[in-house]
Structures are given as C-alpha cells and as structure tokens.
Amino acid sequence: MFDKYFGFLRSHDEDSIIQSLLDHSKIDSEELHILEKMLFVLMGQDTGDLDNMHYQINNINIENVKIFETVADYIIQSNFDFQKQYDLLRLQQRIDAVSGLIIATAKRMILTKNIGTQVPDALFPSLKKLSKLVIDSQDTFIEAIQKFQSSRKDVIRLIHKSEELENMVDNTRTECLEVLYRLANENHLRMGDLAAIEGVIEYFEDISDAIKSATTSLDWLLLN
C-alpha cells in the first residue's frame, strides 16, 4: 500500500522533503479514518473487530516510522541555512506527534473495550462530530502542505481555517464531557467507564491540537 505514496528521497531539496512530509500526512489520514471506524464500533454504531483495526493502525504506524526515520537526517544534511533546517525539523517532529497520538488513541479505545465499557447512546452525536472535525483538520493540513508547494499565498488562509477547526474541536470536546459528566452524576456510568470514555475524548482533542501545531508550523517556512 505504501508504494503509491513513497519513493526514496534522492535529493535533499526542499520540495523533496515537503513531498515526503505530505506523504507521511496522507498515511496519517488513512489511520484517522480507521480510528473513526473504531470509535463507531466502540459505540455500537458500526460492526467490526476493534483488535484487528488497532492492529492495522499499529502496522501502518510501524511502517511509517521505518520509512520516515531518515527524514530528519536528510534535513540536517541539506544545504539549508540553520533557520530553514530548524523550521523543517519542527514541522517533521509535529507530524510525528500526530502519528504517535493516533496510535495512542487507538490503544485507549482497546483499553475501553477490554474493561467492558458500554458507551452511552447519548454521547454518539457529539463523539461523531468530534471525530469528523479531527479528520477535517487533517484534510486542511494536507491541503495546506499542497498549497505550500503550489500556491503559498493560500497557506495563510488554511492556517486560519485550522485554528478555527481546533476551536470547534475544543467546543465539541466540552459538549462530550458535559454529557458524560451528567450521565455520571445520574449514576449511569461506572467509575472506570467514566475515566475510560473521558480518556478517549481527550485523546481525540490532543490529535487535533497536534494537527493545528503542525499546520501553524508552515507559517515559519513561509518567512524563509
């Protein structure tokens, strides 16, 4: 599946490195769609094997690490000035952070499943909205990288869109937590289930934070 995205970096120029980071982010997008499917299965709104989906994400993540572990070396070995090297490394590290949080969120959902948590139906609308907004954020980031390659004047608009989406994610997280805490106060949730579901919600918001940080990193590259 990776052949359609990746080729060996034969040069250390900026376009090659940005393309590599773009490919990395496309794979993260695939992982996010599997993660959303996991969330729907966890909530009983879809069918599937959660352990198998977690296995898929984990395997993709491992391959991603193998493919991109040399990107930092390429940046360091390039002929860029110190500031550009720093800005590219920051972008690469923030993209790596997105990948790490995706696999961490998948693990959190497996934990939730393993303790026999039943996610209340009342949470479904807000959780569905939350996962969609996170995917929208990643799509915006991918578009911003593509515009960086072809039409840099559009990148600022997409950075602002990313910041707006993050605000929407934060508001939706609050909606989710309000429903969750109300159910807990009404004794509809066990203590462990409350903590497990709360963790899933927070991890989704963390992914969104990381995506926004990666997107805003493009702002620094525009100054070079």
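Bear in mind the structure is a predicted one, so any value in this text is a computation, not a measurement.
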Peer 1: Under a 4.0 Å threshold between the charged nitrogen and the carboxylate oxygen, would Glu178 count as salt-bridged to Arg182?
Peer 2: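 Judged by the 4.0 Å cut-off on N to carboxylate O distance, Arg182 and Glu178 do form a salt bridge.
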
Peer 1: Has Ser29 got a side-chain atom pairing as donor or acceptor with Ser25's backbone, closer than 3.5 angstrom?
Peer 2: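 No, the answer is negative, given that no donor and acceptor are paired below the 3.5 Å cut-off.
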
Peer 1: Please list every donor-acceptor pair under 3.5 Å in which a side-chain atom of residues 195-214 meets a protein atom from a residue at least two apart or in another chain.
Peer 2:
unit_1	atom_1	unit_2	atom_2	d
Glu198	OE2	Tyr181	OH	2.4
Glu202	OE1	Arg173	NH1	3.1
Ser208	OG	Glu166	OE1	2.4
Ser213	OG	Asp209	O	3.1

Peer 1: Which distance, rounded to the nearest 0.5 Å, do you find between the CG of Leu218 and the OG of Ser162?
Peer 2: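 Nearest 0.5 Å value for the CG-OG distance: 9.5 Å.
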
Peer 1: For the side chain of Lys37 and the backbone of Thr47, is there at least one donor-acceptor N/O pair under 3.5 Å apart?
Peer 2: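 Yes; judged by distance alone, with no hydrogens or angles, the pair exists.
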
Peer 1: Using the test salt bridge (charged side-chain N to carboxylate O under 4.0 Å, His left out), find all partners of Lys107 that sit at least two apart in sequence or belong to another chain.
Peer 2: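 Checked Lys107 against salt bridge (charged side-chain N to carboxylate O under 4.0 Å, His left out); zero matches.
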
Peer 1: If you measure from the Lys or Arg side-chain nitrogens to the Asp or Glu carboxylate oxygens, is any gap between Arg90 and Asp87 under 4.0 Å?
Peer 2: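 Here Arg90 pairs with Asp87 in a salt bridge, since their nearest N and O are under 4.0 Å apart.
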
Peer 1: Which atom names give the shortest non-hydrogen contact between Thr215 and Ala144, and what distance separates them?
Peer 2: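 The answer is CG2-CB, 4.3 Å.
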
Peer 1: Hey, is the main chain of Met168 close enough, under 3.5 Å, to the side chain of Thr172 for a donor-acceptor pair?
Peer 2: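 Yes; at least one donor-acceptor contact below 3.5 Å.
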
Peer 1: What distance separates Thr216 OG1 from Ile156 CD1, expressed to the nearest 0.5 Å?
Peer 2: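 Thr216 atom OG1 to Ile156 atom CD1 measures 10.5 Å (nearest 0.5 Å).
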
Peer 1: Just to verify, which of Gln92, Gln93, His24 counts as forming a side-chain contact (heavy atoms from CB on, under 4.5 Å) with Val71?
Peer 2: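 Only match with Val71 under side-chain contact (heavy atoms from CB on, under 4.5 Å): Gln92.
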
Peer 1: Asn58 side chain to Ile103 main-chain N or O, any donor-acceptor pair under 3.5 Å?
Peer 2: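 Not at all, since once roles are kept as given, no pair shorter than 3.5 Å links the two residues.
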
